[in-house]
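As the structure is a computational prediction, the values presented were derived from the model and not from experiment. Every number for a ligand or one of its atoms is a count from 1 in the order of the listing.
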Amino acid sequence: MDPLTRQISQEIERRRTFAIISHPDAGKTTLTEKILLFGGAVREAGAVRSQRAARHATSDWLEIERQRGISVSSSVMHAEYEGTRINILDTPGHRDFSEDTYRTLLAADSVVMLIDAAKGVEPQTRRLFEVCRMRGLPIFTFINKMDRAGLDPLELLSEIEDVLGIEAIPVNWAVGSGREFRGVYDRMGKKLLLFRGGNHGASELEETEIVGDVADPDVRSGMGPEAEITAEALELLDGAGTEFDLARVRAGKQTPVFFGSALTNYGVRPFLESFLTMAPCPGAQLAAEGPVDPVETPFSAFVFKIQANMDPDHRDRVAFVRICSGRYVQGLVAKHQRTGKPIRLAKSTLLMGRDREGVTEAFPGDVIGLFDPGMLRIGDTISEGGEVSFVDFPAFAPEHFMRIELGLVTKRKALAKGLEQLTQEGAVQLFQEQDASSPTIVGAVGPLQFDVLKHRMAAEYKVELRLSPLTFKVARWPQAGFDDDMVRHSQMTKLVYDRDGRAVVLAQSQAFLDSLVARHPELELADTPDPKLFQRTQNAA
Ligand code: G4P
């Protein structure tokens with residue numbers, strides 16, 4: 001093996017690139033912060049959440065996020081933990097931004113599903129879980145907030161299995177809960193871990209380890225008053241028969257479950273250590289040409305996110321790319337697959353909220369931000385060999401529509417520029433009406449996107465955007481059997497064109513479209529412009 005190949009394969013081995021999915025408020029920011037803390041990336045707990053009340057993480061930088069205290073944009077954080085390079089893909093918590101989250105999941109090799117012990121499986125978690133399943137991503141479950149009164153752990157397990165349809169295998173088991181939550185029993189390592197102190201970084205966490213099976217007198221006495229009930233639950237689990245199977249975990253059919261409290265730090269380190277050994281390192285990504293070997297194939301990457309004006313002091317546009325194979329070195333010349341043009345990757349950055357550091361070298365699994373004058377689009381592939389094109393990204397059908405009040409806009413040029421940019425970022429989609437000279441309808445997956453659009457148009461392009469709501473709720477792209485006449489005279493629908501000139505039918509209800517299809521059986525309507533396989537690797541499922 002030549003030295004470069006050896007280096008690439010060693011760097012891949014030690015990388016774990018994952019996203020954390022959860023319902024808002026389950027503790028994602030807190031857990032992220034604790035993981036980064038273990039990795040030494042943040043100096044003290046609470047640094048990620050610099051203002052307690054505003055609740056925004058290092059990754060939250062957009063003004064609107066600060067104002068509302070929500071995380072709407074996803075970026076990437078990284079840390080080193082005992083030789084492992086951790087890349088955490090941050091996903092926005094708000095449901096209106098699920099499209100951004102879906103795209104981020106395309107760049108992940110595994111997922112941590114965070115569940116609030118008191119709430120169980122919540123709707124947002126369920127939706128994101130479905131995407132992970134479609135991608136065949138391995139999913140690790142962390143049941144958080146065990147320091148508070150919560151649902152019965154056995155109940156939580158069956159809820160995960162019933163609602164999500166995945167085998168849930170507890171790697172460790174909570175000893176006590178609420179104020180009595182004192183530790184976890186590691187079922188695989190056969191040891192009890194007891195915790196004291198720790199509270200949100202305010203005091204040092206003390207960890208005591210007692211090795212032995214549940215019958216061991218020292219383990220029993222360590223469990224204290226919880227001994228009987230814990231031992232009973234553990235016996236029940238052992239008797240249940242489903243064995244931990246790493247291959248099933250890797251295939252996304254089984255989820256290892258961990259208990260803990262991100263706030264007090266209880267159970268975070270044991271979770272992190274097991275997770276890092278069980279989670280896969282970057283594997284072969286699926287391209288149109290077949291799976292792309294991360295070691296053998298020269299540098300290749302795809303764009304999964306574009307963000308403009310991240311730094312108000314520097315007008316710039318950053319394309320986030322996930323490296324899939326080979327080695328990135330500063331100055332590398334690659335081919336831009338969509339246009340066939342060469343692209344010199346001269347300036348790239350690793351982002352940590354507002355802080356930036358230059359990147360001179362990066363490997364598969366890493367996400368780097370490329371400064372881009374406007375050539376790259378979401379879903380684009382860049383590669384050194386030029387023979388790779390990664391599977392297209394699904395665009396999601398908007399469910400909310402607004403008309404731009406053009407008459408009230410004085411700065412038409414700035415408006416067009418701003419809209420073009422924000423559409424490229426994938427925040428909103430623009431539609432042009434028949435006979436119109438420019439797009440006048442914006443569509444979004446969630447209504448909050450319109451606020452972000454208005455805010456950013458004002459802050460970044462100095463345009464006061466006025467929008468008036470439309471009553472359409474569905475957008476569908478005709479694939480076959482379509483004729484303009486089918487919708488021309490209906491008040492319930494509208495024919496518009498997307499930015500690539502494809503016809504799109506907007507409708508007030510799905511029921512109307514169903515009746516249209518019933519009347520025209522040859523008509524095929526898709527909920528994405530280009531319905532393609534949404535799959536990570538060939539052997540994942
Ligand atoms: P999110 O990113 O998933 O939306 O959740 P975040 O970490 O912001 O946590 C939401 C709330 O839950 C926060 O409380 C946080 O302190 C709390 N929390 C997170 N993990 C735990 C845990 O393990 N146990 C307990 N008891 N609470 C937890 P908050 O009051 O809304 O905010 P703050 O005042 O603490 O910042």
Side-chain angles (χ1 to χ4, degrees), residues 18-38 42 44-62 65-66 68-75 77 88-98 100-101 104 111-129 140-151 153 156 172 174-184 193 195-203 205 257-272 353 448:
F18 61 96
I20 305 179
I21 58 166
S22 67
H23 195 81
D25 258 0
K28 189 157 63 79
T29 314
T30 313
L31 184 68
T32 305
E33 173 185 293
K34 295 300 164 77
I35 294 175
L36 294 176
L37 187 68
F38 280 115
V42 286
E44 57 189 78
V48 170
R49 182 200 310 261
S50 50
Q51 266 178 29
R52 229 175 119 80
R55 265 218 271 128
H56 55 260
T58 307
S59 52
D60 294 0
W61 46 264
L62 227 64
E65 295 177 315
R66 271 200 293 277
R68 300 197 174 204
I70 54 167
S71 170
V72 296
S73 62
S74 33
S75 65
M77 288 173 273
I88 308 181
L89 303 169
D90 188 20
T91 53
H94 198 282
R95 69 186 156 73
D96 280 9
F97 294 84
S98 42
D100 217 6
T101 303
T104 299
V111 157
V112 173
M113 176 168 72
L114 192 66
I115 288 176
D116 182 331
K119 305 218 170 113
V121 180
E122 295 178 86
Q124 173 86 343
T125 317
R126 206 164 146 176
R127 273 196 293 273
L128 293 168
F129 175 88
F140 297 80
T141 305
F142 186 84
I143 298 187
N144 192 31
K145 305 200 185 181
M146 286 305 295
D147 59 309
R148 277 206 197 145
L151 301 170
L156 281 164
N172 61 33
V175 180
S177 65
R179 298 173 82 115
E180 307 305 321
F181 179 46
R182 52 175 66 216
V184 291
L193 292 165
F195 309 113
R196 275 178 61 186
N199 207 341
H200 205 26
S203 58
L205 178 74
V257 178
F258 302 81
F259 290 86
S261 155
L263 186 70
T264 57
N265 243 331
Y266 288 16
V268 177
R269 190 193 51 77
F271 157 70
L272 184 62
L448 196 56

Report, in ascending order of atom number, the atoms of ligand 1 lying under 4.0 Å from any heavy atom of [X].
X      : result
Arg148 : 26 (N), 27 (N)
Ser261 : 22 (C), 23 (O), 24 (N)
Asp25  : 1 (P), 3 (O), 4 (O), 5 (O), 10 (C), 12 (O)

Where Ile88 and Thr32 come nearest, the two heavy atoms and their spacing
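That would be CD1-CG2, 4.1 Å.
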Have a look at Glu33, Lys145, Met146, Lys28 and point out the one with the heavy atom closest to atom 17 (C) of ligand 1.
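Selected option, by shortest heavy-atom distance: Lys145.
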Quick test of your reading of the structure: of Leu31, Val268, Leu263, Asn265, whose heavy atom lies closest to atom 21 (C) of ligand 1?
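Among Leu31, Val268, Leu263, Asn265, the closest heavy atom to atom 21 (C) of ligand 1 belongs to Leu263.
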Contact between His23 and Asp116 at the side-chain level, heavy atoms closer than 4.5 Å - yes or no?
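The answer is no, as the side chains (C-beta and beyond) never meet within the 4.5 Å cut-off.
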Would you say the side-chain atoms of [X] pair up with the backbone N or O of [Y], donor to acceptor, closer than 3.5 Å?
X      : Y      : result
Asn144 : Ala26  : yes
Ser261 : Tyr266 : no
Lys34  : Leu263 : yes
Asn172 : Phe259 : yes

Proximity of Thr29 to ligand 1 by residue part, where a heavy atom lies under 4.0 Å
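Looking at Thr29 and ligand 1, atoms from backbone and side chain both fall under 4.0 Å.
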Do Ala262 and ligand 1 have an N or O pair less than 3.5 Å apart?
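There is such a contact, yes.
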